Amino acid sequence: MAYEKWVVGRRRLAVGCCVAAVVAGASGTAHAAGNLPPRQPLVQDLQTGTKPCATGDATAYVAESPKLSAVLSDPDGTQVSGEFEVGWTDTAGVEQRRTYTTTAKASGSPFTVQLPSDIPSGTVVSWRVRANDGKAASPWSSEGDGSLCAFVYDDVNPEKATITSPEYPRPEDVFWVDGVGVYGHFTMDSPSDDVVAYTYGFIGGPYGTVRAEQPGGAVTIPYLPLRSGPQVLTVRAIDRAGRSSGQSTYDFNVKAGHAPVAQWKLADAAGATSAAAETGSDARAGSGATFAGAAPEGTGLTTTAHLDGGDQAFLTPDAPAVTTGGTFAVGAWVRPERTDRDMAVASQGANGARGLALGLRAGDAHPVWSFTVGGREISGGVPETGEWAHVLGLYDAETGLAQLYVNGHETGTKTRATTAATTDAFRIGQGPGMSAWQGDIGEVRAYDRVVVPGEVTELARRTPRLLGHWSLETASDGASPEQGGGAPLKLGSGATIHRGPDGSCIPDLDPDCPDVPYALVGDGHLQLDGETAYAATEQPVVDTGGSFTIGAVVRLADSEPAHPMTVLSQAGEHTDAFKVRYEPSQHAWQLVMPVADEEGAAETVVSQIEAADGGEGQGHRLAVVYDDATDTIKLYLDGYTNAAATAAFPNGLHSSGPLQVGRGHTADGWGEYLHGDVDEVQAYAGALRDEDIIGLGHGTDPCLC
C-alpha cells in the first residue's frame, strides 16, 4: 500500500540520517557525550487496544478507535516520551499521517495514545512508535527486525444469525419432537462475511461461544435435552472486531424421553419359563433362573427373578437388545448373594470386544460395579452382599464417552471408547469373562438414547416409607399416640405433654384468661425436665443398618446448657447406633454415629452451629438422613438444604433398642437428658431427598412424589 511505501522511504531517509550522524559523531555533535539513545520498541510490547501488534491476515479488527500502547525504555534509565506515528491511504488515494507525542515517564513504563473518533472505518490503518529521551530517539518499532502494527476500525454490526435444526424443527413445522436424551444439532449462520463466532444459550444451559472455521462460515453445535417442554435457543453473531449482531431466537418443543427399546420387569409368576417383555421380545429363561423373588422396597416392583450362578442362570431374548454401534444404555435392579467373584448382570457382544458388559468385579481391595464398552472398563461403587442397588451403564456415541451410574449417582470416571455394531443376543445374568449372576435381578431396561441424569435418579429412586409420626399433642395412660395407629411413645418419669391455649378466651381481652404458652407445632408438645424425663417406643423404629430418616422440632429451655443433651437416639447392644444432641461446648447440634457397636468406638460426627434457645422462639427443625446407597449421613437444621452438614459413613449399624426421645447412652448408662420441648417426631425407612426435608416438622407428612 502507499503508506507502506512511505514507511520504506522513511527507512531510506533514516539510513541517510544515520550516515550523517556517523559523520557528525566524528566531530562530537550527534548526541551528548555519555548519553545512549533509547532502546528500539519491541513488537511484542505493542498493542492495538487489547490485541497484539500484527499485520496482514492477522491485522487487528476493532469496534472503536483504539488505544495504542507500547512499553518504552532507555539504557540510561532516564525518562522517555513516546512518539506514535499513524498512517493510512484515504479513499482518494492520498496518504494520511498523524503523529502523537506523550509526556515523559520513567523508563520501562507503558505509554498509551487514545486515537480520536475520526479515524476512518473500513480502512487499514498502520502505526509505529519510538522512544525519545529528549536528546536522542530510538529506531522506529518497524525498522530492522521490527514490524508495523495495523488495524481496521469496524463500525458496522454483523447481521443476525439464521438457525436451523433437522432434529428439532420449529413448532409451526412439528409441534412436539423427540425428545429428552436424543441429540439435536443446530446450525448458526450469518449473511455477514466477517462473522468469526457465535454466542448461544439454551434455557437452563448450556451456554457458550463457538468459533467458525473461517470468517463468514456457519457453525453447528450439538444439544442434548435434559427435560421436556418448550425450549428456546438464543444466538448472537460476533464479527472480527467483537461487534455483536442482534439476538436471534429459535423455539422448539421437546417431548419426554421415549421408552426403552427393551424392558423386562422380571415380575413373572413362579414356574414361568420366560420373562414377559414390556417392550421388545420375551426373554427365554435358563433352568437356573426362577421367578417370584423379593423386590427392592419403595421401587414399585412386586417381585424379581433369582439366578443361581450356574451355567443355566440366564435370560435372553435370543436377539440383540441395543445397537452397540450407536448410543445405548442398560440398567437393572440387582442384589448379589456374593461379591467374591466377577459376575455379569447383562451383556451383548462377541467375547466383549466392541460390545457391552454390565456387572460386578470382585476387585483386589474390595468389590466394585463394572461397565465395559468396546474393551474399556469403568468401575466404581461398592456392591454389598444382600443389598439392592440400581446399576446403569451408558455409552454416548456423540461424545464417545462411557459412564456408570450406581444408585442414581455417577461413579468411576467417564471413559472414551470405540464401539461397533454386534449381532450377538442380549443376555441377562451372563457375560464374557465373568461368572453367571448369583442373586436377584429386577426391572432390566435397555435404551437406544442417552438416559439423562434426572431420569437415572428416578430409575434408582426408592420412595421412603413412613414408619411413625408422633405429633405429641395428647397423652393417655402415660403414652402419646402415633398418628397412624402404630406404636405410641411412652412417657418416662418427668415427661409431660404441654397443651397450648384452647381458644376459649383471649388473655389480652379477658384478665381472668390464663396466659398459656403456645405449642411448638399444633396444639401440644412434649416437655422434658432435663433430669429423668424422656419418651420411648418399646421396639426399634428405624433400621439403622439401612437408609433411614428421622426428624423432630426441638427447643432448648436453657440459654447456656450445662452439659450435652440428646434429642433422639436408638441403641445397639453397647452404644447408640445414632444420636442427635446439642453440644454446648461447641454451641452446636450434632449427629453422632459410631463406626462399631462397641463401647468407646470411634464416632463420625457432623455439626450445625447454633446458639441455645433459652426457652424462647419456635425451636428448630432437625432432621437426620442416612443414605446407605451413597454411604453418607446428613444433619439438617431448619430444613435448609444448603445448610446440611454431610459426612461419609460406609456401614450403618443395626440397632436393637427402642427409639429414645430426650436421652442417650453414656459411659455411666442413660444420660444427656434434654431440658426443653420436643414436637413432631417423624421417622422413615429410606433417605428423604433435600426437597422432602423442607416439609418435615410442620404437622403433616411431606409429599414423597
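In this text the structure is predicted, and so the values were computed from the model without any measurement.
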Trainee: Quick test of your reading: applying side chain to side chain donor-acceptor pair (under 3.5 Å), list the pairs with at least one residue in residues 325-335, sequence neighbours left out, ordered by first then second residue.
Mentor: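 For residues 325-335: R335-D440.
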Trainee: Under 3.5 Å, is there a donor on one side chain and an acceptor on the other for T422 and T324?
Mentor: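 Their side chains do contain a donor-acceptor pair, which is all the 3.5 Å distance test asks for.
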Trainee: Is the distance between the ring centroids of F578 and F649 less than 6.0 Å?
Mentor: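 They do not qualify: ring centres at least 6.0 Å apart.
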Trainee: Name all pairs fulfilling the side chain to side chain donor-acceptor pair (under 3.5 Å) condition that reach into residues 294-309, sequence neighbours left out, sorted by first residue then second.
Mentor: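 Listed by first then second residue: E297-R465, H306-E337.
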Trainee: With sequence neighbours left out, write down each residue that passes side chain to side chain donor-acceptor pair (under 3.5 Å) with D311, or none if nothing qualifies.
Mentor: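 Result, side chain to side chain donor-acceptor pair (under 3.5 Å) vs D311: none returned.
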Trainee: Apply ring pair (Phe, Tyr, Trp, His ring centres under 6.0 Å) to F291 and list each qualifying residue two or more places apart in sequence or on a separate chain.
Mentor: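 Checked F291 against ring pair (Phe, Tyr, Trp, His ring centres under 6.0 Å); zero matches.
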Trainee: For residues 258-271, pull every pair meeting side chain to side chain donor-acceptor pair (under 3.5 Å), keeping only residues two or more places apart or in separate chains.
Mentor: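 Checked against side chain to side chain donor-acceptor pair (under 3.5 Å) - neighbours excluded - the pairs reaching residues 258-271 are D178-H258, H258-D448, Q263-E443, K265-E443.
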Trainee: May I have the list of side-chain donor-acceptor pairs in residues 361-371 shorter than 3.5 Å, sequence neighbours left out?
Mentor:
unit_1 : atom_1 : unit_2 : atom_2 : d
R361   : NE     : E377   : OE2    : 2.9
R361   : NH1    : D342   : OD2    : 3.1
S370   : OG     : E377   : OE2    : 2.4

Trainee: Just jot down the salt bridge (Lys or Arg N to Asp or Glu O under 4.0 Å) partners of R338, sequence neighbours excluded, or say none.
Mentor: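 Counting only residues at least two positions away or on another chain, R338 forms a salt bridge (Lys or Arg N to Asp or Glu O under 4.0 Å) with D340.
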Trainee: Show me the pairs that pass side chain to side chain donor-acceptor pair (under 3.5 Å) and involve residues 378-391, at least two apart or across chains.
Mentor: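 For residues 378-391: none.
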Trainee: Applying side chain to side chain donor-acceptor pair (under 3.5 Å), name anything that partners E278, two or more places apart in sequence or on another chain.
Mentor: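 For E278, no residue satisfies side chain to side chain donor-acceptor pair (under 3.5 Å) once neighbours in sequence are set aside.
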Trainee: Could you check whether Y223 and Q231, counting side-chain N and O atoms only, form a donor-acceptor pair closer than 3.5 Å?
Mentor: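 Yes, Y223 and Q231 have a side-chain donor paired with an acceptor closer than 3.5 Å.
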Trainee: Looking only at side chains, do T187 and T220 share a donor and an acceptor under 3.5 Å apart?
Mentor: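 Note: T187 and T220 side chains meet the donor-acceptor criterion.
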Trainee: Return yes if a side-chain donor-acceptor contact under 3.5 Å exists between E680 and H698, otherwise no.
Mentor: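 Short answer, no.
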Trainee: Run the ring pair (Phe, Tyr, Trp, His ring centres under 6.0 Å) test against Y405 and tell me which residues pass, sequence neighbours left out.
Mentor: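 None.
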Trainee: Give the minimum heavy-atom separation between P317 and S281, together with the two atoms involved.
Mentor: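 So the two residues come closest at CB-O, 4.0 Å.
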Trainee: Identify whether the distance between the nearest side-chain nitrogen and carboxylate oxygen of D627 and K634 falls below 4.0 Å.
Mentor: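 No, this pair does not count.
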Trainee: Using the salt bridge (Lys or Arg N to Asp or Glu O under 4.0 Å) criterion, which residues pair with R284? Sequence neighbours excluded.
Mentor: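 Once residues adjacent in sequence are excluded, the partners of R284 under the salt bridge (Lys or Arg N to Asp or Glu O under 4.0 Å) criterion are D318.
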Trainee: Verify, without hydrogens or angle tests, whether Q312 (side chain) and G286 (backbone) share a donor-acceptor contact under 3.5 angstrom.
Mentor: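 No, Q312 side chain to G286 backbone: no donor-acceptor pair under 3.5 Å.
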Trainee: Would K414 and D396 count as a salt bridge (charged side-chain N to carboxylate O under 4.0 Å, His left out) if you check the C-alpha gap in whole Å, the side-chain angles of each, and the deciding distance to 0.1 Å?
Mentor: CA-CA 10 Å; K414 287 188 179 74; D396 185 340; over 6 Å; no
Trainee: Backbone N or O of A648 within a donor-acceptor pair of the T632 side chain at under 3.5 Å?
Mentor: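 Here the side-chain-to-backbone pair does not exist.
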Trainee: Please identify each residue that fulfils salt bridge (Lys or Arg N to Asp or Glu O under 4.0 Å) with R449, with sequence neighbours left out.
Mentor: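 For R449 the salt bridge (Lys or Arg N to Asp or Glu O under 4.0 Å) partners, ignoring immediate neighbours, are E455.
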